[in-house]
**Student:** 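My structure is below; once you've seen it, I'll send some questions.
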There are 2 protein chains.
Amino acid sequence: MLNSTSLIAEARTKLEGYLLKKGLRRSSERFAILEEVYSRDDHFDAEELYQAMHQRSFAVSRATVYNTLEVLVDCHLVRKNQFGDEDNTKSRFEKSLGRQQHAHLICVNCHRVMEFCDPRLQLIKNTVGNMLQFHVESHSLVFYGECSDAACVARTKAAAEHANLQEGKTA
Amino acid sequence: MLNSTSLIAEARTKLEGYLLKKGLRRSSERFAILEEVYSRDDHFDAEELYQAMHQRSFAVSRATVYNTLEVLVDCHLVRKNQFGDEDNTKSRFEKSLGRQQHAHLICVNCHRVMEFCDPRLQLIKNTVGNMLQFHVESHSLVFYGECSDAACVARTKAAAEHANLQEGKTA
DNA sequence: GTCAATGCAAAAGATTTGCACAAGT
DNA sequence: ACTTGTGCAAATCTTTTGCATTGAC
């Protein structure tokens, strides 16, 4: 298992190789954004990354954030997710180097994101490719449900009771 | 297996029951939209539904389309999907009555949508719920890859050759 | 020096919202 | 009659784009 220091070093090297191969420029913004991405362990959106870069006093524009995230996704240093939970319109990103593909669990109440690996998914992937003559490149598996975090459960229960009262009134 | 005539009848009945239970009104728009949804076999977005309603000469506003789709999703007559392919920002919908949950395959080249069922997914679902103390309500499994449609393959191959030329020039 | 990358602000596209009117209860 | 649903247009939110400037090569 790689520690986070060598992980970022490996990521930097990989990005460098990719940029050279593609004839893209090794701008300081690209490496600074990579640094920020690899310093985080969460599933962040473009705006959060933008804000974090500003707090880290390496201010980049939103355009550069979006542009660079696309580059990082292209060279497989970042994975892009579309979780269809509360905010169906924005993408969430995570670093990918040294981390195997995993499923995501989204709590429909508190929007917490959890991760889960299951080797059976790989078997399904193989079957689907063969059956439908489809060359599978990647996948996304998301489970939606209710997490067991105490605060979330309490909040949800209270909200449900409130909703029942409302329903009782109108029905 | 239900035919489409009885399917729509069942859907209408179910919607009626849901609206009554919730104290919502049985507006003609809601039933007309349900009708349109159940007459289709594809994965459509809100705008396509809006346009279809206008061609069917039952003009409804976009606001009503969005509002009604939410109602139909709530009562499980419609499923809402976020496929993160070409258009990461819009949702695609499909009727759900009488159709089991399935995985989707999205061709990254032509954006064709295919469906696929695998019982092993259910097993994963059970495992994940138990392991992480998470009550799974629903899921979304999407495979991205290249389909084997002749026209799509030819188009993609031509595009790839063009891209290689470009890369050769700059690198 | 050249051309791609950045920053900014404006544009675009999907969805939501506020308000006046229509219609289901 | 009462109050929710609808229609319209404006607002919102994320992401993309155009253009002038900066910086990597």
Side-chain angles (χ1 to χ4, degrees), chain A residues 15-16 18-34 43-51 53-54 57-75 78 80-93 166-167 169-171, chain B residues 15-34 36 43-51 53-54 57-75 78 80-93 166-167 169-171:
Chain A
L15 176 56
E16 196 149 18
Y18 175 84
L19 295 175
L20 284 171
K21 192 185 72 181
K22 290 275 186 177
L24 302 172
R25 292 175 181 173
R26 287 166 291 168
S27 71
S28 56
E29 287 84 356
R30 284 175 174 159
F31 288 96
I33 290 175
L34 180 72
H43 299 78
F44 55 90
D45 60 45
E47 183 65 20
E48 285 165 348
L49 182 56
Y50 171 80
Q51 296 298 343
M53 293 301 292
H54 280 249
S57 66
F58 195 111
V60 292
S61 70
R62 285 192 182 78
T64 300
V65 167
Y66 281 102
N67 166 38
T68 302
L69 282 172
E70 195 183 328
V71 169
L72 296 178
V73 169
D74 269 1
C75 62
V78 166
K80 180 176 183 174
N81 305 292
Q82 275 359 118
F83 302 141
D85 59 328
E86 100 246 63
D87 197 329
N88 87 62
T89 161
K90 78 178 147 204
S91 299
R92 295 208 246 160
F93 302 86
Q166 293 299 99
E167 197 174 323
K169 261 190 240 163
T170 48
Chain B
L15 175 57
E16 197 148 17
Y18 175 83
L19 295 174
L20 284 170
K21 192 185 72 181
K22 290 275 185 176
L24 301 173
R25 293 178 180 169
R26 286 165 293 168
S27 71
S28 57
E29 288 83 356
R30 285 173 174 161
F31 287 97
I33 289 174
L34 180 71
E36 172 62 28
H43 299 78
F44 55 91
D45 60 46
E47 183 65 20
E48 285 165 349
L49 182 56
Y50 171 80
Q51 297 298 343
M53 293 300 292
H54 280 249
S57 65
F58 194 111
V60 291
S61 70
R62 284 190 183 77
T64 299
V65 167
Y66 282 102
N67 166 37
T68 301
L69 282 172
E70 194 183 328
V71 169
L72 296 178
V73 169
D74 269 0
C75 63
V78 166
K80 179 176 183 172
N81 306 292
Q82 263 10 113
F83 301 141
D85 58 329
E86 100 247 62
D87 199 330
N88 87 63
T89 163
K90 78 180 147 202
S91 299
R92 294 208 246 160
F93 302 87
Q166 293 299 100
E167 197 173 323
K169 261 190 240 163
T170 48

**Student:** On DNA chain C, compare the nucleotides closest to Ser28(B) and Lys80(B); which residue's is nearer the 5' end?
**Tutor:**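 Result of the comparison: Lys80(B).
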**Student:** From the options dC8(D), dT15(D), dG5(D), select the nucleotide whose nearest atom is closest to the side chain of Leu24(B).
**Tutor:**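 Given the options dC8(D), dT15(D), dG5(D), the side chain of Leu24(B) is closest to dG5(D).
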**Student:** Ignoring the backbone of Asn67(A), work out which of dA14(C), dT6(C), dT6(D) is nearest its side chain.
**Tutor:**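 It is dT6(C).
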**Student:** Side chain of Ala63(B) only, heavy atoms from C-beta on: which candidate in dT15(C), dC8(D), dG23(D) is closest?
**Tutor:**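 The listed nucleotide nearest to Ala63(B)'s side chain is dC8(D).
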**Student:** With the side chain of Glu29(B) defined as its heavy atoms from C-beta on, choose the nearest nucleotide among dT6(C), dT15(D), dG7(D).
**Tutor:**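 Comparing dT6(C), dT15(D), dG7(D) against the side chain of Glu29(B), the answer is dG7(D).
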**Student:** Select one nucleotide: of dT6(C), dG7(C), dG5(D), the one nearest the side-chain heavy atoms of Val60(A).
**Tutor:**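 The answer is dG7(C), which lies nearest to the side chain.
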**Student:** Roughly what angle, to 10°, lies between the helix axis at the start of the helix from dG1(C)-dC25(D) to dT25(C)-dA1(D) and the one at its end, five pairs per end?
**Tutor:**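 Between the first-five-pair axis and the last-five-pair axis there is 30°.
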**Student:** Within this structure, what is the CZ-to-P distance between Arg62(A) and dA11(C), rounded to whole angstrom?
**Tutor:**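 Between P of dA11(C) and CZ of Arg62(A): 17 Å.
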**Student:** Does the pair Ser91(A) and Gln82(A) meet the rule for a side-chain hydrogen bond (donor to acceptor under 3.5 Å, both in side chains), with working shown?
**Tutor:** CA-CA 5 Å; Ser91(A) 299; Gln82(A) 275 359 118; 2.9 Å; yes
**Student:** Where do Phe44(B) and Leu69(B) come nearest, in terms of heavy atoms and distance?
**Tutor:**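 Smallest heavy-atom distance, with atoms named: CE1-CD2, 4.4 Å.
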**Student:** Mapping Ser91(A) and Thr68(B) onto DNA chain D by nearest heavy atom, which one lands closer to the 5' end?
**Tutor:**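 The residue whose closest nucleotide sits nearer the 5' end is Thr68(B).
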**Student:** For the pair made of CG in Asp45(B) and P in dA14(C), what is the distance, rounded to whole Å?
**Tutor:**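 Result: 7 Å.
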**Student:** Tell me which nucleotide among dT15(C), dC8(C), dA5(C) gets nearest to the side chain of Ala46(B).
**Tutor:**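 So the side chain of Ala46(B) is nearest to dT15(C).
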